[in-house]
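First the structure, in the form of structure tokens, and then the observations on it.
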Amino acid sequence: MVVCCCLGRTATWVSYQLKIHAQKYMRSPLIPEMATQEVQLNETLAHLKSESESLKSKLEEERAKLHDVELHQVAEKVEGLGQFVMKTRRTLKGHGNKVLCMDWCKDKRRIVSSSQDGKVIVWDAFTTNKEHAVTMPCTWVMACAYAPSGCAVACGGLDNKCSVYPLSLDKNENLAAKKKSVAMHTNYLSACSFTNSDMQILTSSGDGTCALWDVESGQLLQSFHGHAADVLCLDLAPSETGNTFVSGGCDKKANVWDMRSGQCIQSFETHESDINSVRYYPSGDAFASGSDDATCRLYDLRADREVAIYSKESIIFGVSSVDFSLSGRLLFGGYNDYTINVWDVLKGTRVSILFGHENRVSTLRVSPDGTAFSTGSWDHTLRIWA
Amino acid sequence: MSMEALVVEMQDPKGGVKGSEQKLNVTSIPYVITGKDVLTWITNKMKTFSLCAEAQVMATMLVAYGYIYPIQNHKKLVMCNDGTLYRFQTPYFWPTEKWVAEDTDYAIYLTKRNIRKKGMLEAYEQAHYNHLNKWLNHKWDFIVMQATEQYKATKERKKADRVVLDCQERAYWVVNRPPRRTHSALDDGPERLIDPCADQVCCSLSRLVKYVTTYKNHDAFLAPCLPSNPWLTNNDNYWTLNTRRVETPTKMRVERWSFSLFELLTDLRGRDDFKIFLKKEFSGENLAFWEAAEELKWGTASSMSSKAETIFKTFLAPGAPRWINIDGRTMGMTVKGLEHPHRYVLEAAQTHVFMLMKKDTFFRYLKSPTYKDIQKKALSPEAQNFSPAQIEQNAQSCSPGIHPIILWQQEMEENAKAAAASAPVDVKAMMSKMDRKNKHILEFMHTRF
């Protein structure tokens, strides 16, 4: 296994070198004296690239040799699932433009959602009442999160920031007045999440990094570098130690990070396109990802590899968002073809397809007690399904 | 050439090592071999061995791995080139990856020997026994039952057979649970986190399957939600029955607490019940420390030093009011780290305490009257079957419930009350308060009379 680790690290180092050389090439002026240097650089680039490719395939070969057991084989004796009747139980109308993100409150019924027109709304999804509304100073609010206490929400997007708004029982209070600017990135904010308390926020950004922030002071506690392109999503591990999180990006990689050291402890690259969503399996031993390559995949952390692919020939549009049911048996995926596909995680088969949205499903989350899941769509609405 | 193939050849009646019957104490043991014979045989057989020492090494390995065992000095696992007596171990007890020597089996073995004759266990075995009695306490009825059955079964055998079986079993356990400060050939080095063995992959995948099986009745998409799923019937009884501070939780909720310590602690209602149990055992300091460490880890950056100081004074300082019992090395490391506190400074101590609770306290809680009590009292709500018309009606009367902000304020108040109630009494402050009160009374009386 040391071999695999070395190969992995070498591959990372090689692609890092590749990036540096690429940058150097872009910056050097085309002066005649530099011509020979240019040729040399080109050769080095090509050489490094082929070395990187061969290392990657060697790594995959080693991984494949050692593990050839599939999840559905291990799960052969598990009972099959019956028929499902899942319908829209609530439709939340109020956003004036594409809904981009949503999150549940720990009370299992309230929701925060954000949209392209800069509005962030807090709903009681059970009664469908809008309880709070904030207008952000920017458009495309791509990320929002509910604080664990239920007393605040965080959001951000094209403003490159993540701000925290404490909520109030007074309906007339202007929430924007108490806004706290916490995170600061050099490109758009793609995702944010509170940790186990209201005091820390984890963010991911188009600038290729993730970061952990202290809410009270706005101080950067830790930054996470390793993605070679925009980071689009993240999820915190639900473990008793609670010290790791996973992120997915436009570099097709899903990285697992140690929050204390900032190190990338595991990396998975089997998707063929951008990873739009990552979500931990409820036990914390695995995570699922959804990608523009129209597949969802399951990665087991101990086995250190992909253990299942959820795909169908008839599904050709990208997955925007994934989440597990409470037991981990079902994986819900929101797709760009306006549908929701429900997968049997253990058997690898699709058990249901749900229709209702009139445009892309952009966000999907299961409620904290697993009684329902919510979707947000570019059709300006949110739906609760059960 | 594998060790197993070699040992089989050594036992060949025609060309193998010559054995004879020997008297051990009063009993005759069949097929006993001497170390010298074994080494001669190996040297002759393995003509590639240029040195006698190589044969010695090979033979010692056979003893170290438990294929051959000494019958007199049973803890000395080497092959001696003299008349020392050995026997071949029965294949049942050969080392194999497929059947790892488990703690449960060892516990059964030690218990069996205890039944036979109290005080028969050696010091290191007694230490193992006490340790296992603690960690495997939840299985102890099963262990005693198995040990008793096995003991009864052996009593029915002939004495000679019994002696041989005893020797074999004892030899097996000397190899698999070596006495302190002896080396074991079976020692594999530190456990590798990412093991490329295919069995490991099977194990981790099985873990995923196991999780689904454990939780499937709690998944609202797979099993009915009782009394009803609020989203389906527009009736929120399910949520009111499962609030944070409900007096009597539901049976499903109480069952979930038994799945893992993590579940028990994550559900604050469960954590409350656990605290009741800990109070009865006078061992609440571990959980209190864990909670304080969590607060430090997830707290604001500015509160770090003051929290660290309070934690040190309360849990770690010598003579602290809620001193936690962790091993010396962890304590030393933690106290040193607290000189320059950061949010992960208590990580090692917190993990140690969590593991302690997970492997010991948690199982005792599940067997305790506290848990059995709450299991009995727990509610099993009847399924609510609403007609479509009723569901419509329910929708009209949906209430917003209590706002999370109010719930949070209530939670903070309760926590403050609990902290005040459990804080060690500041005797000095109490005394000065009493003094001031007395002074007032004296002054009053003075003016009156």
Side-chain angles (χ1 to χ4, degrees), chain A residues 1 4 66-69 71 74-75 78 81 84 86 89-90 105-110 124 126-127 129 149-151 167-169 195-197 199-200 214-217 219 221 239-241 260 281-283 285-286 300 302-304 307 325-330 345-346 369-372 384 386, chain B residues 192-198 200-209 211-222 225 229-232 234 236 238-239 242 260-262 265 294-295 297-303 343-344 347 351 354 358 398-408 411:
Chain A
M1 203 51 221
C4 279
L66 302 168
H67 326 283
D68 48 16
V69 185
L71 178 56
V74 176
V78 181
L81 292 169
F84 286 96
M86 284 182 232
R89 307 290 171 175
R90 300 284 190 283
C105 175
K106 286 228 159 79
D107 76 346
K108 308 146 192 174
R109 51 188 286 173
R110 283 171 173 77
D124 173 6
F126 192 55
T127 58
N129 291 339
S149 68
C151 300
L167 299 173
S168 167
L169 290 168
T195 61
N196 280 12
S197 79
M199 301 302 142
Q200 287 162 26
D214 178 64
V215 173
E216 191 189 52
S217 61
Q219 187 193 350
L221 298 172
S239 73
E240 50 211 32
T241 45
R260 291 171 299 173
Y281 190 78
S283 69
D285 293 328
D300 186 300
R302 302 248 186 157
D304 188 36
V307 294
S325 71
L326 190 139
S327 66
R329 183 68 192 266
L330 301 174
V345 170
L346 301 182
D369 63 356
T371 48
I384 312 288
Chain B
R192 294 190 192 163
L193 288 170
I194 303 169
D195 188 333
C197 171
Q200 175 78 357
V201 179
C202 257
C203 274
S204 40
L205 295 182
S206 312
R207 231 193 305 265
L208 298 179
V209 175
Y211 190 92
V212 168
T213 317
T214 310
Y215 284 82
K216 71 171 183 221
N217 291 334
H218 295 253
D219 188 334
F221 286 99
L222 302 179
C225 186
N229 187 328
W231 302 103
L232 296 174
N234 300 326
D236 64 358
Y238 179 69
W239 289 329
N242 285 298
S260 68
L261 178 61
F262 180 58
L265 295 182
E294 282 287 283
E295 255 191 69
K297 201 156 61 161
W298 307 114
T300 63
S302 59
S303 68
R343 65 184 60 244
Y344 302 112
E347 198 73 7
T351 310
F354 188 85
K358 184 174 170 175
C398 271
S399 81
I402 309 177
H403 199 282
I405 295 177
I406 298 176
L407 286 172
W408 183 250
E411 184 72 21

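Lettering of chains follows the sequences in order, A, B, ..., and the numbering in each one begins at 1.
V215(A) does not touch chain B: none of its heavy atoms, backbone or side chain, sits under 4.5 Å away. Heavy atoms of R109(A) lying under 4.5 Å from chain B belong to its backbone as well as its side chain. Heavy atoms closer than 4.5 Å to chain B are found in the side chain of L346(A), but not in its backbone. When heavy atoms are compared at a cutoff of 4.5 Å, Y344(B) approaches chain A solely by way of its side chain, counted from C-beta outward. Looking at N234(B), both its backbone and its side chain come within 4.5 Å of chain A, counting heavy atoms on both sides. For C151(A), the parts lying under 4.5 angstrom from a heavy atom of chain B are both the backbone and the side chain. At a 4.5 Å heavy-atom cutoff, the contact between Y281(A) and chain B is made by side-chain atoms alone. Interface residue L71(A): backbone and side-chain heavy atoms are both found under 4.5 Å from chain B. Contacts between N129(A) and chain B at a heavy-atom distance below 4.5 Å are absent for every atom of the residue. With a 4.5 Å cut-off on non-hydrogen atoms, L330(A) touches chain B through its side chain but not through its backbone.
Ranked by heavy-atom pairs under 4.5 Å with chain A, the first of W231(B), Y211(B), W408(B), Y215(B) is W231(B). Counting heavy-atom pairs under 4.5 Å between each of R343(B), E411(B), K216(B) and chain A puts R343(B) at the top. Ranking A75(A), S283(A), S168(A) against chain B, the residue ahead of the rest is S283(A), based on heavy-atom pairs under 4.5 Å. Between chain B and the options V307(A), T127(A), L169(A), heavy-atom pairs under 4.5 Å are most frequent for L169(A). Annotation: maximal heavy-atom pairing with chain B below 4.5 Å, among S325(A), S217(A), G328(A), A286(A), occurs at S325(A).
Under the 3.5 Å distance criterion, the side-chain polar atoms of D300(A) are matched with a main-chain donor or acceptor of A303(A). In this structure, the side chain of S303(B) does not engage the main chain of G299(B) through any donor-acceptor pair within 3.5 Å.
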Take T195(A) and W298(B) through the side chain to side chain donor-acceptor pair (under 3.5 Å) test and state the conclusion after the steps.
-> CA-CA 8 Å; T195(A) 61; W298(B) 307 114; over 6 Å; no

Check the pair L265(B) / F354(B) against side chain to side chain contact (heavy atoms under 4.5 Å, CB included), numbers first and verdict last.
-> CA-CA 11 Å; L265(B) 295 182; F354(B) 188 85; 3.8 Å; yes

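A distance of 10.5 Å separates CG of D107(A) from CD1 of I402(B), quoted to the nearest 0.5 Å. Going from atom CG of D369(A) over to atom SG of C225(B) covers 7.0 Å, rounded to the nearest 0.5 Å. Separation of atoms CE (M199(A)) and OG (S149(A)) is listed at 7.5 Å; rounding is to 0.5 Å. For the atom pair CG of D124(A) and NE2 of H403(B), the computed distance is 8.5 Å after rounding to the nearest 0.5 Å. Taken from OG in S204(B) to CG in D285(A), the straight-line distance is 8.0 Å, to the nearest 0.5 Å. The NZ atom of K108(A) sits 6.0 Å away from atom CG of N242(B), with the distance rounded to the nearest 0.5 Å.
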